[in-house]
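Step one of this worksheet: look at the structure below.
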Amino acid sequence: MDSASQGVVHRTPAVEGLTEVEEEELRAELAKVEEEIVTLRQVLAAKERHCGELKRRLGLSTLGELKQNLSRSWHDVQGSTAYVKTSEKLGEWNEKVTQSDLYKKTQETLSQAGQKTSAALSTMGSAISRKLGDMSSYSIRHSISMPVMRNSATFKSFEDRVGTIKSKVVGGRENGSDTLPSSPGSGDQTLPDHAPF
């Protein structure tokens, strides 16, 4: 110990019932024990380094040790009296619950409900499949040729645009020439300004 800490130690009042000689002996023993503690810490650190080196050379990892410790701890827990008693108690409660009439009735009800739900979903699925099959049997031409579709504004607008484009492309051929009109201004019909494409 350094002189400053010894000075602090000497300033504290002596415990009643101790003589100065006994107090000095205790202080000397305290210093000796503290010195041994420092030495033991150094020895322990050296041993831990040596242990780590041996483990490294043997290929043992910290993760492997942790797994072993956890496995050992879990084994100890499973072997403990409290765990065994708790497991037995839970087993008894489980047996009582599963053997009760209420549990059996609930299980039967849930089973029946599951079967009915499964049957209902199956019926609904086949009905939807049938409807989709019926719908896919109609061709696009049939649905376009329907009067409702032909009279709609969208269809008429589309039909007009297709007719305009057709007359531009094959217009020259209808007039007897095999060439296309050379400029957009030379044709009789032009695309309307509001054309979306």
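Note that the structure is predicted; figures quoted are calculated from it, not measured.
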Check: Ser122 side chain, Ser118 main-chain N or O, donor-acceptor pair, under 3.5 Å: no
For Glu53, the option from Arg56, Lys55, Arg49 that meets salt bridge (Lys or Arg N to Asp or Glu O under 4.0 Å): Arg56
Whether over 12 other heavy atoms sit under 6.0 Å from Glu35 CD: no
Side chain to side chain, Glu24 and Glu20, heavy atoms closer than 4.5 Å: no
Any Asn94 side-chain heavy atom under 4.5 Å of Thr98 side chain: yes
Crowding at CD, Glu29 (>12 non-hydrogen neighbours, <6.0 Å): no
Side-chain donor or acceptor of Ser71 paired with backbone N/O of Lys67 under 3.5 Å: no
Nearest heavy-atom neighbours spanning Ser80 and Val77: OG-O, 2.6 Å
Gap separating the CD atom of Gln78 from the OG atom of Ser73, nearest 0.5 angstrom: 11.5 Å
From CA spacing to verdict: side chain to side chain contact (heavy atoms under 4.5 Å, CB included), Leu40, Leu44: CA-CA 6 Å; Leu40 289 172; Leu44 180 61; over 6 Å; no
Spacing of Lys116 atom NZ and Ser111 atom OG [to the nearest 0.5 Å]: 11.0 Å
Nearest-0.5 Å distance, NZ of residue Lys104 to OG1 of residue Thr109: 14.0 Å
Side-chain heavy atoms of Thr19 within contact of Glu23, under 4.5 Å: no
Distance (rounded to the nearest 0.5 Å) between Glu25 CD and Leu18 CG: 10.0 Å
Test item: Trp93 and Leu90 side chains (from C-beta on) under 4.5 Å apart, heavy atoms: yes
Joint cluster assignment, Leu121 & Ile128, ILVMFWY side-chain distance < 4.5 Å: yes
Expected output: side-chain Thr123 to main-chain Ala119 donor-acceptor under 3.5 Å: yes
